[in-house]
Amino acid sequence: MTRPQNASTPAKLIPNLGLKERNTFGLDAVAEFAYDISSAEQIPAVMSDIAKQKLSWRILGGGSNVILPSTLAGATLLMNILGQEIIKADDEAIYLSVGGGVIWHDLVSWTLENDLPGFENLALIPGTVGAAPIQNIGAYGVEIGEYIDHIEAFDVKDQAFVTLQQDACRFAYRDSYFKQHAGRFIVTKVVFKMPKSWQARIHYADLAKQFPDNASPSPEEIFLAVCKIRTHKLPDPKVIGNAGSFFQNPIIPNEQYETLLRTYSDLVSYPDTPGKRKLAAGWLIDHCGFKGQRMGAVGVYENQALVLVNHGGGTAQDILGLAKCIRDKVHDKFGVTLQIEPNIL
Ligand code: EPU
């Protein structure tokens, strides 16, 4: 792909930037210096500076999936590439191009206002569009990977812009090629393929319960139902710091699942790939008695045990200390190892 040379002004450099308002855990953190990236063209010069000075660096999107230390040494890139537009349509789909810095939930609302249904199950997920494919955000039976046509990114290893088609992104549960190659790609633009033949997807139990007498709700009705469930189950980061699900739902072999089921008949699980079963980590943590518990400034949310919260003044160490207690107890009781979902920077 060719790009115009010097098409934009250099990225703005901000020294000693406080990040407390830029991470949903509300952790007190300071970036030694931050680059405000508002266009893809700014990235090669920024990365070349970083390489020359041998600095450590990371990208910060919405800060909804990170655990920050008190000081982030080196360079922090604030992903701020905005804009969304319909770029083409064919018989099957409408193609939507979106900047990596657009807020995911704002995009969901925009698509519904513009009669482009598909993202309604993914309403209210915090974070940016550029971060969404990295962990393949998913909720209520839908994952973002299904809607991606291709992704444009800067490949830091090869110092070049690349385009990855959907297949190359290797989407799986909370996983992608970008996550497997952490620190290599900076996602600048996501092109979504929105099928013209929309169908309501309300098979996820919690969502189905919202429509007892209506098997074909509209996208707007689903959007409102998802917002209602999430608002009840998940804490608002503006009120209580959190990063959504703190652990992934563990995937275990069927034999291990059958053994657990003999002791715990109400164990919550879902079918996965052949021979595997996905367990509800929230259920495991809940059944270890952690729900609503506090450990100093941090704790386990009272309505959803999969969510760790910062009641105020908590640090990365406090959160990781609590996470260790939970992992150890779940492992002792069920023989299952939980994986932490947010990135520990
Ligand atoms: N459960 C408990 N106790 C709890 C929490 C859950 O028993 O404290 C049981 C529930 O009764 C339910 C089951 O566990 O039967 C699953 O709970 P829920 O529907 O809340 O979903 P989840 O598996 O805990 C996942 C995603 C969420 C997503 C929901 C809905 C992961 C790691 N998390 O949670 O994603 O919103 O499904 O699709 O896959 C996120 O990633 O930040 C996130 C919120």
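No hydrogens, no waters, no symmetry mates; every other heavy atom, side chains included, goes into these values. Counting starts at 1 for both ligands and their atoms, in listed order.
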Protein heavy atom at shortest distance from atom 34 (O) of ligand 1:
L306 CD2, 4.1 Å

For P250, run the side-chain contact (heavy atoms from CB on, under 4.5 Å) check against V330, T337, V336 and tell me which one passes.
V336

Looking only at protein heavy atoms, which one is nearest to atom 37 (O) of ligand 1, and how far off is it?
Y204 OH, 3.5 Å

Could you check atom 38 (O) of ligand 1 against the protein and tell me its nearest heavy-atom contact, residue, atom and distance included?
Y140 N, 2.6 Å

Using non-hydrogen atoms of the residue, decide whether Y301 is closer than 4.0 angstrom to ligand 1.
no

Would you kindly check if the NZ (Lys) or CZ (Arg) of K291 is within the cone defined by 45 degrees around the ring axis of Y301 and under 6.0 Å from the six-membered ring centre?
no

Purely on distance, is any nitrogen or oxygen of Q248 under 3.5 Å from one on ligand 1?
no

Near Y173 (heavy-atom distance under 4.0 Å), the atoms of ligand 1 are 31 (C), 32 (C), 39 (O)

So does G335 get a backbone contact from the side chain of Q256, meaning a donor-acceptor N/O pair under 3.5 Å?
yes

Ionic contact status for E221 with K228, cut-off 4.0 Å
no

Check each of A280, G127, P126 against atom 14 (O) of ligand 1 and report the one with the nearest heavy atom.
A280

Enumerate the atoms of ligand 1 whose separation from the nearest heavy atom of K291 is less than 4.0 angstrom.
3 (N), 4 (C), 8 (O)

For R230, state whether at least one heavy atom is located under 4.0 Å from any atom of ligand 1.
yes

Quick one: are F192 and V129 in side-chain contact, heavy atoms under 4.5 Å?
yes

Output the distance between atom OH (Y147) and atom CG (L116), rounded to the nearest 0.5 Å.
11.5 Å

What residue and atom, counting heavy atoms only, is the protein's closest point to atom 1 (N) of ligand 1, and at what distance?
W283 N, 3.7 Å

Under 4.0 Å from one or more heavy atoms of Y270, ligand 1 contributes atoms 13 (C), 16 (C), 23 (O)

Quick one: nearest non-hydrogen protein atom to atom 3 (N) of ligand 1, plus distance?
D286 OD2, 2.8 Å

Is the shortest distance from a Lys or Arg side-chain nitrogen in K276 or E255 to a carboxylate oxygen in the other one below 4.0 Å?
no

Should you measure from each heavy atom of V268, which atoms of ligand 1 turn up under 4.0 Å away?
13 (C), 15 (O)

Could you tell me which atoms of ligand 1, counted from 1 in the order shown, lie closer than 4.0 angstrom to a heavy atom of K233?
18 (P), 19 (O), 20 (O)

Looking only at protein heavy atoms, which one is nearest to atom 24 (O) of ligand 1, and what is the separation?
Q304 NE2, 3.0 Å

Is there a polar contact between ligand 1 and Q135, counting only N or O atoms under 3.5 Å apart?
no

Could you list which atoms of ligand 1 come closer than 4.0 Å to a heavy atom of G244?
42 (O)

Sequence-distant partners of S269, side-chain hydrogen bond (donor to acceptor under 3.5 Å, both in side chains), two or more places apart:
Y257, R277

Checking Y204 now: which residues fulfil side-chain hydrogen bond (donor to acceptor under 3.5 Å, both in side chains) with it, not counting sequence neighbours?
none

Is any NZ, NE, NH1 or NH2 atom of the basic residue among K233 and D206 found under 4.0 Å from an Asp or Glu carboxylate oxygen of the other?
yes

Looking at atom 8 (O) of ligand 1, what's its closest protein heavy atom, distance included?
A305 N, 2.8 Å

Can you tell me if E258 has over 12 outside heavy atoms packed within less than 6.0 Å of its CD?
yes

Atom 26 (C) of ligand 1: the protein heavy-atom neighbour that sits closest, reported with distance to 0.1 Å:
R174 NH2, 3.3 Å

Got a sec: does the CG of D115 have more than 12 other heavy atoms crowding it under 6.0 Å?
no

Quick check: does any side chain N or O of N310 sit under 3.5 Å from a backbone N or O of G314, one acting as donor and the other as acceptor?
yes

Determine, considering heavy atoms only, which of S245, P342, S269 sits nearest to atom 40 (C) of ligand 1.
S245

Under 4.0 Å to a heavy atom of F247 - the qualifying atoms of ligand 1, by number
32 (C)

